There are 2 protein chains.
Amino acid sequence: MDPEAIRRSLEGRGLRCTAQRYAVMAFLMEHTGHPTAAEIFEAVNRADPRSSRATTYNNLRDLVQAGLVREVAVEGRAARFDAKGMRHHHFICDRCGKVEDVEWYDVPRPASGSLGKRILRECELIFRGLCSKCAPRQASR
Amino acid sequence: MDPEAIRRSLEGRGLRCTAQRYAVMAFLMEHTGHPTAAEIFEAVNRADPRSSRATTYNNLRDLVQAGLVREVAVEGRAARFDAKGMRHHHFICDRCGKVEDVEWYDVPRPASGSLGKRILRECELIFRGLCSKCAPRQASR
DNA sequence: GAATTATTTAGACTATATCTAACATGATAT
DNA sequence: ATATCATGTTAGATATAGTCTAAATAATTC
Ligand SMILES: [Mn+2]
Ligand SMILES: [Mn+2]
Ligand SMILES: [Zn+2]
Ligand SMILES: [Zn+2]
């Protein structure tokens, strides 16, 4: 991934390109496995410079607000994050909580009447079930 | 809501109809505003018998597992719950985290190839944006 | 380079949820 | 009915995830 492209995407959204913030963004672009904040914190600190836990959370919040990163809430587990690259849907495993990408396809929007005065920003489609790792073991129960 | 119907739906899923469990289920069927576990705990304890916090969480877990209740994870906030009555989608407010029902309509399933060996249980469609309460105040910023 | 603003930091703190192990209750068998 | 066994409840301790604070540092502007 081009470091200059990352810098530009941060600055284009009004965020300074600090070493810590860059490290979070770069890590998310290189790892598409939807890491948790704790995993990101640990990973970026294996290389210097060290980044604090608060900064990792702060930067994730800023990146989400800036629209560069998506946060995925999973029931009963830590939130997971991914860089918003190509559009895609998500599959969340009932058993292990793993979040996986699913090829994107268009989703029909609700009838305008059913939204009333709400302002719609996005439609998110989430698939649930058992991931390919958990499916076999569940079948044999 | 018919008490006997609630009892039957619990027992039909292999759950004993205890006073505490009944109270959680009945509350969810009467309140469609997607309360949190803490709100449910407080509400069912305004009437007797008293139910502990652990029991409220235990029963919510059991009811979700039994397929009678749905849990909705909201980023950065406590999970919310609703009784699975009529099928519907959800709208989640970016600003206040409120979860609201949206009239159900059919969602196209992914191409079978894109799911691989995963076992699909359900497709969940979530709308995001500003609720009718938050929309005006955001416009004037 | 001084002033201003944004960012980082450690660690305290809060919120949410789970676990433990003793006890109570309901169901089943005798 | 009484004993037995499985299921459910409880208070409080514990765990996990995430936020807050106030002081220090770094980037940007004047
Ligand atoms: Mn993703
Ligand atoms: Mn609902
Ligand atoms: Zn899985
Ligand atoms: Zn709102």
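Because the structure is a prediction, the values reported are computed rather than measured. Letters go in sequence order (proteins before strands), and every chain restarts at 1. What you see below is based on every heavy atom in this structure, not just the backbone, and it leaves out hydrogens, waters and symmetry mates.
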Nearest whole angstrom, please: distance from the [atom2] of [N] to the [atom1] of [X].
{"X": "D62(B)", "N": "dT9(D)", "atom1": "CG", "atom2": "C1'", "value": "12 Å"}
{"X": "L10(B)", "N": "dG8(D)", "atom1": "CG", "atom2": "P", "value": "10 Å"}
{"X": "R61(A)", "N": "dT8(C)", "atom1": "CZ", "atom2": "C1'", "value": "12 Å"}
{"X": "L60(A)", "N": "dA17(D)", "atom1": "CG", "atom2": "C1'", "value": "13 Å"}
{"X": "F41(A)", "N": "dA10(C)", "atom1": "CZ", "atom2": "C1'", "value": "11 Å"}
{"X": "R21(B)", "N": "dG26(C)", "atom1": "CZ", "atom2": "C1'", "value": "12 Å"}
{"X": "N59(A)", "N": "dT9(C)", "atom1": "CG", "atom2": "C1'", "value": "12 Å"}
{"X": "E71(B)", "N": "dT18(C)", "atom1": "CD", "atom2": "C1'", "value": "13 Å"}

Any idea which heavy atoms bring [X] and [Y] closest together, and the distance?
{"X": "A37(B)", "Y": "T56(B)", "answer": "O-CG2, 3.9 Å"}
{"X": "F41(B)", "Y": "S51(B)", "answer": "CE1-O, 3.0 Å"}
{"X": "C131(A)", "Y": "F91(A)", "answer": "N-CE2, 3.8 Å"}

Exercise. Can you find a side chain N or O atom of T55(A) that sits less than 4.0 Å from OP1 or OP2 on dT9(C)?
Worked result: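 Yes, such a contact exists.
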
Exercise. Distance check: side-chain N/O of Q20(B) vs OP1/OP2 of dT25(C), anything under 4.0 Å?
Worked result: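 Negative; the distance criterion is not met.
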
For this session: Output all residues satisfying ring pair (Phe, Tyr, Trp, His ring centres under 6.0 Å) with H90(A), sequence neighbours left out; order by chain, then residue number.
Result: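 By the ring pair (Phe, Tyr, Trp, His ring centres under 6.0 Å) rule, H90(A) matches H34(A), H88(A).
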
Exercise. Is there a path from V107(A) to V102(B) through hydrophobic residues (I, L, V, M, F, W, Y) whose side chains come within less than 4.5 Å of each other?
Worked result: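 Yes: a chain of side-chain contacts under 4.5 Å links V107(A) to V102(B).
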
Exercise. Going by the ring pair (Phe, Tyr, Trp, His ring centres under 6.0 Å) test, which pairs reach into residues 54-83 of chain B, not counting sequence neighbours?
Worked result: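 The answer is none; no pair qualifies.
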
For this session: Run the salt-bridge test on R128(A) and E75(A) with the 4.0 Å N-O cut-off and return the result as yes or no.
Result: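 Salt bridge: yes.
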
Exercise. Can you tell me if N59(A) and R21(A) form a side-chain donor-acceptor pair at under 3.5 Å?
Worked result: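 Per modelled atom types, N59(A) and R21(A) side chains form a pair under 3.5 Å.
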
For this session: Indicate, with a heavy-atom threshold strictly under 4.0 Å, whether S51(B) touches base, sugar-phosphate, or nothing.
Result: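 Sugar-phosphate contact only - S51(B) comes under 4.0 Å of backbone atoms but never of a base.
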
Problem set entry | Main-chain N/O of L130(A) paired with R95(A) side-chain donor or acceptor, under 3.5 Å |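 No; zero donor-acceptor contacts below 3.5 Å.
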
Problem set entry | E11(A) side chain vs R8(A) backbone, donor-acceptor pair below 3.5 Å |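 Checking the backbone N and O of R8(A) against the side chain of E11(A), no donor-acceptor pair under 3.5 Å is found.
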
Report all interatomic pairs (protein N or O, nucleotide N or O of nucleotides 12-16 of chain C) with separations under 3.5 Å.
unit_1	atom_1	unit_2	atom_2	d
dA12(C)	N6	R53(A)	NH2	3.2

Problem set entry | Pairs involving residues 104-119 of chain A, ordered by first then second residue, that meet side-chain hydrogen bond (donor to acceptor under 3.5 Å, both in side chains) (sequence neighbours left out) |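 Sorted result for residues 104-119 of chain A: R118(A)-E100(B).
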
Exercise. If the sugar-phosphate is the primed atoms plus P, OP1 and OP2 and the base is the rest, what is the B/S/- string for nucleotides 20-30 of chain D, using protein heavy atoms under 4.0 Å?
Worked result: B------BS--

For this session: Starting from the first five and the last five pairs of the helix from dG1(C)-dC30(D) to dT30(C)-dA1(D), work out the angle between the resulting helix axes, to 10 degrees.
Result: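 Answer for the end axes of this duplex: 30°.
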
